[in-house]
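Below: the structure, in structure tokens.
This is a predicted model, so every value here is computed, not measured.
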Amino acid sequence: MKYWKENSLHLVQIPNSMRMELVPCLPEGELLIHTYARLKKEGRELPILLMNANFFHLDGGYSISGMKYSDGTIIERSLGGYFVYCDPSGEVRIDTKQGKRIGDFAGMRWALESSPLLLPNMEASAHMEATIASEEHPRTAIGIAEDSVILAVTNGRPAGLTCRKLADMLRQAGCHTALNLDGGRSSQLVVEGKQVNRQWLRRKVYAALAIYS
């Protein structure tokens, strides 16, 4: 695993030999440093890294994107977006066809819907306002490179990137496909229990991508 920083953007290269899972946080949401502490207290396998994942309803606290957690739990909702998923062999992929449903990924280990698609071309679902993608905001994203997965999280406000700038930086990092995930105050990157991106106003999240050795 390789970590580096480009200005306000934190990047982590995950070799394909490492395991990635989509794990639920508490039903009421939680900060990812608290997710790590809870897993440790419960005697569970500890991830090396946690990164926030899905979009959710800010008032209701429920997912507005389709998901299949690694434990098999399915969230039947849709943004009309794009899916990142883990196939039966353990390889993480991004589907570049818009409009699929979580049921299309029933045979996958896990799947997560989001928008916009950053690479190979910028494409957003109808639910993603164009201004959100074009303005500078804290961002979280996942990209697929030749032999690895790239995770990317910016610092919190006033730091931020447009989706196009984020796509350019992920392309420079070696990604051929990439997907934007939930950003803003959700953007959190936790390594061995410590948050590494500077984020003063964090919000509780409901799902996380977890990396295990």
Side-chain angles (χ1 to χ4, degrees), residues 1-16 18-26 29-40 44-56 63 65 67 69-70 84 86 92 94 110 112 114-116 118-119 136-145 148-163 165-175 177-213:
M1 188 171 79
K2 175 186 175 183
Y3 165 84
W4 73 103
K5 189 178 176 189
E6 297 282 348
N7 297 318
S8 66
L9 183 65
H10 303 257
L11 297 117
V12 185
Q13 184 177 31
I14 310 296
N16 290 339
M18 299 185 78
R19 177 167 54 95
M20 183 181 299
E21 305 285 358
L22 179 63
V23 300
C25 299
L26 290 175
E30 61 187 341
L31 302 179
L32 292 186
I33 56 171
H34 296 159
T35 303
Y36 184 91
R38 175 175 56 81
L39 294 174
K40 185 175 183 179
R44 307 267 295 278
E45 181 184 9
L46 290 177
I48 298 171
L49 179 151
L50 288 166
M51 186 181 78
N52 67 291
N54 68 316
F55 284 91
F56 59 92
S63 174
S65 58
M67 286 191 298
Y69 288 114
S70 293
V84 56
C86 182
V92 177
I94 294 174
W110 57 261
L112 168 69
S114 194
S115 183
L118 299 173
L119 295 173
E136 291 188 345
H137 291 287
R139 303 286 180 184
T140 300
I142 182 169
I144 308 300
S148 61
V149 175
I150 305 289
L151 303 180
V153 182
T154 67
N155 288 332
R157 291 182 176 89
L161 296 170
T162 65
C163 280
K165 178 61 176 177
L166 177 59
D168 289 343
M169 295 179 77
L170 286 168
R171 184 182 286 110
Q172 291 170 12
C175 297
T177 317
L179 182 65
N180 179 68
L181 303 179
D182 193 14
R185 292 191 290 123
S186 296
S187 291
Q188 297 167 51
L189 180 65
V190 172
V191 179
E192 295 183 339
K194 297 180 180 180
Q195 185 164 333
V196 298
N197 69 311
R198 189 175 69 251
Q199 177 72 285
W200 303 117
L201 293 173
R202 298 170 293 181
R203 65 173 162 239
K204 295 177 180 179
V205 297
Y206 297 82
L209 289 170
I211 306 300
Y212 300 88
S213 57

Checklist line | Residues Ile142, Met20; criterion side chain to side chain contact (heavy atoms under 4.5 Å, CB included); working and verdict | finding: CA-CA 12 Å; Ile142 182 169; Met20 183 181 299; 4.0 Å; yes
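- With contacts defined as side-chain heavy-atom distances shorter than 4.5 Å, the pair Glu45/Leu39 does not qualify.
- When all heavy atoms of Trp110 and Tyr69 are compared, the pair lying nearest together is CB-C, 4.1 Å.
- Distance check, rounded to the nearest 0.5 Å: OG1 of Thr177 to CZ of Arg171 gives 10.5 Å.
- For Lys194, the side-chain contact (heavy atoms from CB on, under 4.5 Å) test picks out no residue, with sequence neighbours left out.
- Scanning for side-chain contact (heavy atoms from CB on, under 4.5 Å) contacts around Ala178 gives Leu118, Leu119, Leu170, with sequence neighbours left out.
- A heavy-atom distance below 4.5 Å is found between the side chains of Arg203 and Asp182.
- By the 6.0 Å contact criterion, CZ on Arg38 is enclosed, its count of non-hydrogen atoms from other residues, nucleotides or ligands being greater than 12.
- Residues Gly174 and Ala145 share a closest heavy-atom pair of O-CB, 3.4 Å.
- Considering every non-hydrogen atom in both Tyr3 and Val12, the closest pair reads CD1-CG2, 3.9 Å.
- Taking all atoms of both residues into account, the shortest heavy-atom contact from Leu50 to Ala210 is CD2-CB, 3.7 Å.
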Checklist line | Steps toward side chain to side chain contact (heavy atoms under 4.5 Å, CB included) verdict (Arg157, Leu201) | finding: CA-CA 8 Å; Arg157 291 182 176 89; Leu201 293 173; over 6 Å; no
Item checked: Intermediate values then yes/no, side chain to side chain donor-acceptor pair (under 3.5 Å), Asn52 and Thr140 -> CA-CA 7 Å; Asn52 67 291; Thr140 300; 3.0 Å; yes
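- The line from CG of Asn16 to CD1 of Ile144 is 8.0 Å long, rounded to the nearest 0.5 Å.
- Put simply, CE on Met1 and CD1 on Ile211 are 8.0 Å apart, with the number rounded to the nearest 0.5 Å.
- The pair Lys165-Asp168 does not meet the salt-bridge criterion, since no charged nitrogen lies less than 4.0 angstrom from a carboxylate oxygen.
- No side-chain donor-acceptor contact under 3.5 Å links Thr154 and Ser8.
- Note: Lys204 NZ to Gln188 CD = 11.5 Å, rounded to the nearest 0.5 Å.
- Within the 4.5 Å cutoff, the side chain of Met67 has no heavy atoms near those of the Tyr206 side chain.
- Not a single donor-acceptor pair under 3.5 Å links the side chain of Glu21 to the backbone N or O of Ser70.
- Heavy atoms from other residues, nucleotides or ligands lying under 6.0 Å from CH2 of Trp4 number more than 12.
- Atom CG of Leu11 and atom SG of Cys175 lie 8.0 Å apart (nearest 0.5 Å).
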Notebook entry, point to check: Could you go step by step and tell me if Ile14 and Val92 meet the side chain to side chain contact (heavy atoms under 4.5 Å, CB included) rule?
Noted result: CA-CA 11 Å; Ile14 310 296; Val92 177; over 6 Å; no
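- The 12-atom threshold is exceeded at NZ of Lys5, counting heavy atoms of other residues, nucleotides or ligands nearer than 6.0 Å.
- The closest side-chain heavy-atom distance from Leu9 to Leu166 is below 4.5 Å.
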Checklist line | Residues Gln172, Glu6; criterion side chain to side chain contact (heavy atoms under 4.5 Å, CB included); working and verdict | finding: CA-CA 11 Å; Gln172 291 170 12; Glu6 297 282 348; over 6 Å; no
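- For Asn197 (side chain) and Ser187 (main-chain N/O), a donor-acceptor pair under 3.5 Å exists by modelled atom type.
- Atom-to-atom distance recorded for Arg185:CZ and Leu31:CG is 10.5 Å, nearest 0.5 angstrom.
- The two residues Pro116 and Leu179 have their closest heavy-atom pair at O-CD1, 3.5 Å.
- Put simply, the side chain of Ser114 gets close to the backbone of Asn180: a donor and an acceptor are under 3.5 Å apart.
- The closest side-chain heavy-atom distance from Cys25 to Leu32 is below 4.5 Å.
- Between the side chain of Gln199 and the backbone N or O of Gly184, at least one donor-acceptor pair lies under 3.5 Å.
- Across every non-hydrogen atom of Leu161 and Met169, the tightest pair is CD1-SD, 3.9 Å.
- Put simply, the side chain of Asn54 never gets that close to the backbone of Ser65: no donor and acceptor are under 3.5 Å apart.
- Side-chain contact check for Leu112 versus Leu181: some heavy-atom pair is nearer than 4.5 Å.
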